[in-house]
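This report refers to the structure that appears directly beneath it.
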Amino acid sequence: MGSQGGFYQSKEFLDLVKSIGEARSKAEEDRIVLNEIETLKRRISEPDIPKRKMKEYIIRLVYIEMLGHDASFGYIHAVKMTHDDSLLVKRTGYLAVTLFLNEDHDLIILIVNTIQKDLKSDNYLVVCAALNAVCKLINEETIPAVLPQVMELLAHPKEAVRKKAIMALHRFYQKSPSSVSHLVSNFRKRLCDNDPGVMGATLCPLFELIARDVNSYKDLVISFVSILKQVAERRLSKAYDCHQMPAPFIQIKLLKILALLGSGDKQASENMYTVVGDIFRKCDSSSNIGNAVLYECICCVSSIYPNPKLLESAADVISRFLKSDSHNLKYMGIDALGRLIKISPEIAEQHQLAVIDCLEDPDDTLKRKTFELLYKMTKSTNVEVIVDRMIDYMISISDNHYKTEIASRCVELAEQFAPSNQWFIQTMNRVFEHAGDLVNIKVAHSLMRLIAEGFGEDDDNADSKLRSSAVESYLRILGEPKLPSVFLQVICWVLGEYGTADGMFSASDITGKLCDVAEAYSNDETVKAYATTALMKIYAFEIAARRKVDMLPECQSLMEELLASHSTDLQQRAYELQAVIGLDAHAVECIMPSDASCEDIEVDRDLSFLNDYIQEAIEKGAQPYIPESERSGMLNISNFRNQDHHEASSHGLRFEAYELPKPALQSRIPQALIASTEIVPVPEPMYPRESYQTTMPSIPSDAGSAELKLRLEGVQKKWGRPTYTPATSTSNSTSQKTVNGTSQGDGASTVSSMRETYDSRKPQVEVSHEKQKLAASLFGGSSKTEKRPATGHKAAKASSHMVEKSHVPKSSMEVASDKAASAQQPPNLLDLGEPTATSTALQLDPFKQLEGLLDTTEVASAVNGAPAASVSPDIMALYVDTAAGIHNKNDADLLSGLSNPSVTNMPGTTAMPQVTQSSSKRPNPKDSLEKDALVRQMGVNPSSQNPNLFKDLLG
């Protein structure tokens, strides 16, 4: 290295590396790096920096970033270097960018276009640099931008480019398998590439594909075996050798793939036996890479269909590994032996001493691996040695996680292979004593279940000895000062169940020990609960055996303390203990049977034990129980529960009205016609409907004599009070009061009342008396209610079609006196002025009544006190609601009746006031078009409406 530092680096950079290496503390190193960062910030922002200097600055930034300091201020300069035309500068920029940025960095978007351009470069070194950046920086969103160019590079003449293109596709598959799922066939093709490097790169993505779906690649077994054979026979170039091993990494990857393809497949495995055996014989074990290939051969043999010769060769290699002085080789031998004992357990027996020797090794990693092997190779003949070793190791380590795992394994092995009851109890005591609360609570439950069930044989004597041994050892252990909570729970449970079972210990001895435990661990409520339940069991067994129970003073004080405890669990246990002591022997024997912890609990769902009590109650006059399904006329609580659940699950307002009591008079309106409505968007309220009888006048037509009457069968009621019942009125005054429900003083107050009542009646679909009276006034009908014809048209139907054929001439209506009981002349219906003070019966203008039914804004204005006369009524809005219910059955009769210029008032009808209007007047075309457009906007068929009719009637 010369004065310029060698490798074209300045002396400043080499001094920086040297000073950092000679730093004696982290603080000194940070000071040097921070000074360098300040220097680079100043220099990198200077204009017209030479490329050689900029390249050095970027490399120094990389060094600073590798030391853990922030160099983000120079990221953008590294990105700019990737755009440079110089190969050296471009490759330096790509190197820095791949080290600085991750795939989600904001600057990635600035590099995608450069990568796309460089992938098409004629210089394969530029292409390789771009492919390196693709593998590191392209994320799932930008894969489609470069995928076509990468696919084209699979056929590049340079093998280095093809290899890196395969690596890029592999990276795409790892990031987003769906984006390249249709291109996996290219990996099969590249497996036959002439260059071994390209073929070796293809093995990596193929291994992942085979691991996901083995069956789809079974046809490649022969190809993989052929490639492995050629590699093992040294047919590849010497350039692929490593420590005189022919392409060892290709061999290892091929052995991994063959292990997947041959697992559980005898036919595929038979094709592999020969080449795997050749590798066992030819492989050099003097180098680490040779041992790595041998280890992979053992893994392959343990995965494919077993072959005796290959298993023997694998056992010889394992023996060499275990006898080696290298910890790495011993570790590989232990791991390989753990794989083979699943197939051939006798192999492990040959190396048992070597495995035990590994436990004495100071290498902690090797010890743990050896304990995993011991756990797999444990039998009844070696369980004592292995478990003792595991417990000794558990005591020596401080890793709580691994200590918990070893404790669980010791318990499991002791349960399966315990040579004697005494050894089993001693082993469990050591595990709980030294592992403490790290022992899983499931282990404690498993131990209690094992002591209760015994060893699963029908030898009650052996089970009794096991329990007696446990009681004896636990009483001895209770003398130690500090015991784990889990261990104390096991001790209390065992003493409560079997403390006095064999008669070796008296109840006073056991209860005294339990009280001492509860007092010594007063802060542990779980231990106190176990101790209290154990006391209850001891006293219950004594009472059941009809022996005298003498509660110790310490037990009495403990029970009194627990009766006043803040813990409800402890209180309940204390009350249960108090109740059990006061029962007789028979009752206690029934509720607390001896040694019944493993018996199944039988639940009497029918509560048959209450039959005698129920029978006695029925004989005394009690009512028998009626099943819910047989109850009639009673509310089903489940229905309310389901309804509440339904209402809770609904997230919208309910618009259904409450059902009112049905009147005595039944409605004669067909229900099918009532249901056919499109006006109110909610179900029809269940209001009572009245029958109105109205006689329509006979209207002769020009074509012939025909009678037209108002027919209201099936008409939906949309105005009026729902509970109103019409009465035969004797005067217009009484009829008026019935309609409005209030005493009418003037026209303004009447209209205001109409608007107020309509808003609350809007959802109703009944035909109100107001509408009937309006229809009778328009068509010369009667205010009295008479029987209606059977055939029905809506009043709106007649009014709408009357405009189509004719206008009412001014001479078609005559003024007639009212033939009802009223003796006074009724006021002019079209007179909108104030009524006189002398009028005794007020007559409402029907069109004034309609003002409150047309617009909600008008209703609001009326309620707020606005003058009724200031509101301009829109009569056509009335017929928007009735357009959907119009029928065309008798249109001809209706129109023919309306075309007659004269109307004869029938007897018993209220005559309409005379209206003066020119008979020659015709509708204005402009007005008609405007009205039709307005009606179309309102959703009404303009052909069925005639706005000029009401215009003419209103003058």
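In this text, all values refer to a predicted model and were calculated from it rather than measured experimentally.
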Under 6.0 Å from the [atom1] atom of [X], do we count more than 12 heavy atoms belonging to anything else shown?
X: D502; atom1: CG; value: yes
X: E312; atom1: CD; value: no
X: D316; atom1: CG; value: yes

Evaluate the ring planes of F487 and F432, with Trp represented by its six-membered ring, and classify them as parallel (under 30°), tilted (30 to 60°) or perpendicular (over 60°).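 Parallel.
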
Pair [X] + [Y], salt bridge at N-O below 4.0 Å:
X: K369; Y: D364; result: no
X: R573; Y: D569; result: yes
X: R430; Y: E433; result: no
X: D363; Y: K367; result: no
X: E472; Y: K465; result: no

Is it the case that the side chain of S420 and the backbone of W423 share a donor-acceptor pair, with hydrogens and angles ignored and the cut-off at 3.5 Å?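 Yes; judged by distance alone, with no hydrogens or angles, the pair exists.
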
Point-to-point distance, once rounded to the nearest 0.5 Å, from OH of Y305 to OG of S269: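 Y305 OH to S269 OG: 9.0 Å, rounded to 0.5 Å.
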
Establish, for the pair K379 and F417, whether the NZ or CZ atom is under 6.0 angstrom from the six-membered ring centre and no further than 45 degrees off its axis. no

Please confirm whether R409 makes a cation-pi placement over F371, using NZ or CZ under 6.0 Å from the six-membered ring centre and within 45° of the ring normal.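 So R409 doesn't make the cation-pi contact.
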
side-chain contact (heavy atoms from CB on, under 4.5 Å) between M332 and D335, worked out: CA-CA 5 Å; M332 288 191 346; D335 185 79; 5.8 Å; no

Would you check if there is a donor-acceptor pair between the side chains of D509 and S506 at a distance under 3.5 Å?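 S506 vs D509: donor-acceptor pair found between side chains.
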
